[in-house]
Amino acid sequence: MTRDVPRSGESRTRAAVRCAAPWLVGLAAGALALGPGLGRGYLLRYDMVFVPDPPLGPVQLGAGDGFPRAVPSDAVAALLSRLLPADIVQTLLLLAVFAVGAAGAARLVPAGSGRAQAPRLAAALFYVWNPFLAERLLLGQWAVLLGYAGLPWVLAAAVRLGRRRGPARFITALLPAAVGGFSSALLSALVALPAAAAARPRTVPLAAAGIALVSLPWLVPALGSGASTDPAAVDLFAARADTPFGAAGSLLSLGGIWNARAVPELYGHPALAALRPALSLAALAGWVRLLRGGRLGAAGTGLTAAAAAGLGLALLGTTEPGRELLRWLIGAWPGFGPLRDGQLYVAPLALLQAVGLGGAAEWLHGPEGEGRAGPVAAALLVLAPVVLLPGLLWGAGGKLVPVRYPAEWGEVRRIVDGDPDPGSVLVLPWSAYRGLDWAGGGRTVVVLDPAAKLFERRTVWNDDLRVAEDGEVRTVRGEDPAAREAARLAAEGRADAESLGALGVRYVLVEREALPDTAATTGDPLHENKFLSDSDPLEQVHEGPRLALYRIPDLHVEAVKEELSGLEVTGWSATVGSIICSLAASGSNLVPVRPPRPAGNRSRKETPT
Amino acid sequence: MIKVLAACVIGAALAGGLALVGTTVATNASSSAEPVNESLYNYGDR
């Protein structure tokens with residue numbers, strides 16, 4: 001593991017370039033991947049929903065009884081949007097994934113004897129340009145990717161926990177995971193705990209406590225929520241084969257996500273599909289070489305254990321006995337729900353392969369003056385991840401395009417947020433994902449209904465997840481108790497104004513553009529999915545070509561203002577306070593400090609732990 | 001010698017990959033990202 005310090009005889013300028021290179025490579029990779037997304041507008045894709053001027057209230061901080069799946073990521077995005085327009089915030093967050101991840105991976109490559117940049121850059125580029133990142137990006141899981149970007153930093157900090165200022169630096173390294181939320185925290189735990197155990201076993205409780213501390217904003221409401229996890233999700237969200245090499249082969253080359261729509265363009269091309277596992281094998285060989293050389297220390301042992309455990313978790317869902325075990329675990333305690341998405345846990349393997357590719361590039365490069373073939377081969381190896389995964393280029397082949405919200409969405413929000421009376425917003429049609437035509441050019445943007453994040457107050461939407469498998473659509477029961485109750489009322493034909501009002505609903509938003517043809521032609525969108533009826537006493541407060549908004553009369557609405565509980569406020573205070581204190585005490589942060597001063601002949605290369 | 005061979009192999013693989021990408025992108029330049037056939041979508045397809 002190296003730190004960005006000058007090497008013997010290295011000029012200050014050269015040292016600065018060397019320090020900045022992985023960050024710049026990460027930024028360049030991010031720019032190439034986002035492409036048109038760097039322009040103004042919102043990148044909407046499956047779970048990735050950003051809205052103009054995002055609200056920041058108790059609901060966004062975790063109040064309510066649904067599972068806090070977007071806590072605190074949405075709150076942080078909303079906070080940053082107080083400083084910059086939300087679409088720019090989104091772009092910066094996505095670019096941060098690439099830059100922070102690349103710089104962290106480069107930092108883990110042990111310093112070689114020469115000044116070659118190729119090993120570090122190979123690790124940097126591979127870590128932010130691989131099937132795992134591409135598929136998670138195409139699924140819109142930007143918050144997960146924040147945690148992914150922080151993994152190398154977490155690993156480095158975990159093996160140093162026992163040192164002076166170690167705990168503060170560990171908390172600082174967990175900052176991306178803290179923002180990312182529950183999946184990011186799980187990935188961090190998967191990496192940090194084995195690393196801490198490999199370095200100093202007595203620091204494991206400290207590592208666990210640190211992760212718990214930064215997780216409080218989502219952990220407290222999650223433990224108090226009435227959310228449940230449908231064990232049926234195990235079958236649908238298990239890793240699958242997206243290459244000709246089966247599920248195991250796909251996972252080893254960092255693919256295998258459950259959703260065929262999240263696979264990059266050209267991914268299945270036979271030539272590229274054959275070469276990607278070869279690249280992964282070269283990376284694994286490079287990792288073994290580094291390990292055998294004893295140059296990775298506890299970080300090597302810890303990451304090996306984390307990658308093996310993560311791959312094991314991912315493989316669990318690919319066999320029937322493994323799925324049976326997962327179903328049983330989730331049935332016994334919903335807290336095991338995150339295990340259903342097995343491919344998520346190959347993230348540590350991605351880091352291992354990135355550093356390993358750095359080791360392979362170092363071997364190829366060889367000592368200075370040994371000839372030109374080695375450096376040329378190493379330089380080509382640096383570029384291999386991009387060439388072998390072209391589907392991520394330029395907005396992931398056109399799947400990430402910036403769109404602007406129709407003005408009507410802002411009008412509806414002003415009406416709802418301007419109402420001081422409490423009560424939630426029920427969103428129709430009763431379905432979670434929309435195909436929006438806002439990008440123009442006949443393109444459809446498939447995304448979680450933006451209305452779910454538009455309002456400061458709570459929204460009730462159908463969070464059942466429909467997944468098509470072999471031509472048959474299967475449904476995973478959602479997690480929000482209020483949505484389940486609304487669905488039950490509709491199924492029984494009792495979803496009228498009185499019943500919905502009793503459920504705490506004050507507004508009903510109908511997205512006309514998303515209505516199926518049959519409902520649109522009848523001209524009566526309220527009948528969609530048996531919600532409400534002509535006789536219901538509703539006040540129409542907005543009528544437009546895309547949206548219609550109805551208000552349920554006060555006498556039917558039984559709602560209270562959503563507020564954070566004392567425990568939730570305490571959780572937030574503890575997390576924010578600990579991060580601020582850690583940033584102050586650690587003496588470092590996630591961004592590079594000023595270029596280091598040359599150290600003359602004195603080498604300050606850090607000894608691996 | 002082995003590094004010369006490695007450079008040739010990696011270079012050939014990358015050149016082939018680039019050629020493939022170039023031709024495929026040129027062929028598919030007019031295709032849209034998602035089929036436009038519905039307004040309510042599934043979370044995905046396995």
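Predicted, not measured: the structure shown is a model, and the values here were computed from it. Throughout, protein chains are lettered first and strands after them, A, B, ... in sequence-line order, and every chain is numbered starting at 1.
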Hey, does A/Glu511 have a side-chain heavy atom less than 4.5 Å from the side chain of A/Pro429?
yes
Assert yes or no for the condition that the ring centre distance of A/Trp258 to B/Tyr43 is strictly below 6.0 Å.
yes
Against chain B, label A/Ala239 side chain, backbone, both or neither, depending on which of its atoms sit under 4.5 Å from a heavy atom there.
backbone
Pick whichever of B/Val4, B/Leu5, B/Ile10, B/Val9 has the most heavy-atom pairs under 4.5 Å with chain A.
B/Ile10
Beyond-backbone contact of B/Asn42 with A/Val467, side-chain heavy atoms, under 4.5 angstrom:
no
Using a 4.5 angstrom heavy-atom cutoff, name the option from A/Ala377, A/Ala439, A/Gly395 with the most pairs to chain B.
A/Ala377
Whether the side chain of A/Ser250 engages the backbone of A/Asp242 through a donor-acceptor N/O pair (distance < 3.5 Å, no angle test) should be reported.
yes
Cut-off 4.5 Å, heavy atoms of chain B, and the answer for A/Leu139 is side chain
Does any part of the side chain of A/Leu138, heavy atoms only, come nearer than 4.5 Å to the side chain of A/Glu265, both counted from C-beta?
no
Sort out for me which of A/Leu381, A/Thr475, A/Leu380 touches chain B most, counting heavy-atom pairs under 4.5 Å.
A/Leu380
Is chain B contacted by the side chain of A/Asp464, its backbone, both, or neither, given a heavy-atom distance below 4.5 Å?
neither
Can you confirm whether the side chains of A/Gln343 and A/Arg136 place a donor and an acceptor under 3.5 Å from each other?
yes
Would you confirm whether A/Asn259, through its side chain, and A/Arg261, through its main-chain N or O, come within 3.5 Å as a donor-acceptor pair?
yes
In terms of heavy-atom proximity below 4.5 Å to chain B, should A/Ala432 be classed as side chain, backbone, both, or neither?
neither
Portion of B/Ile2 that has a non-hydrogen atom of chain A nearer than 4.5 angstrom
side chain
Go through the atoms of A/Asp47 and report whether side chain, backbone, both or neither lie under 4.5 Å from a heavy atom of chain B.
side chain
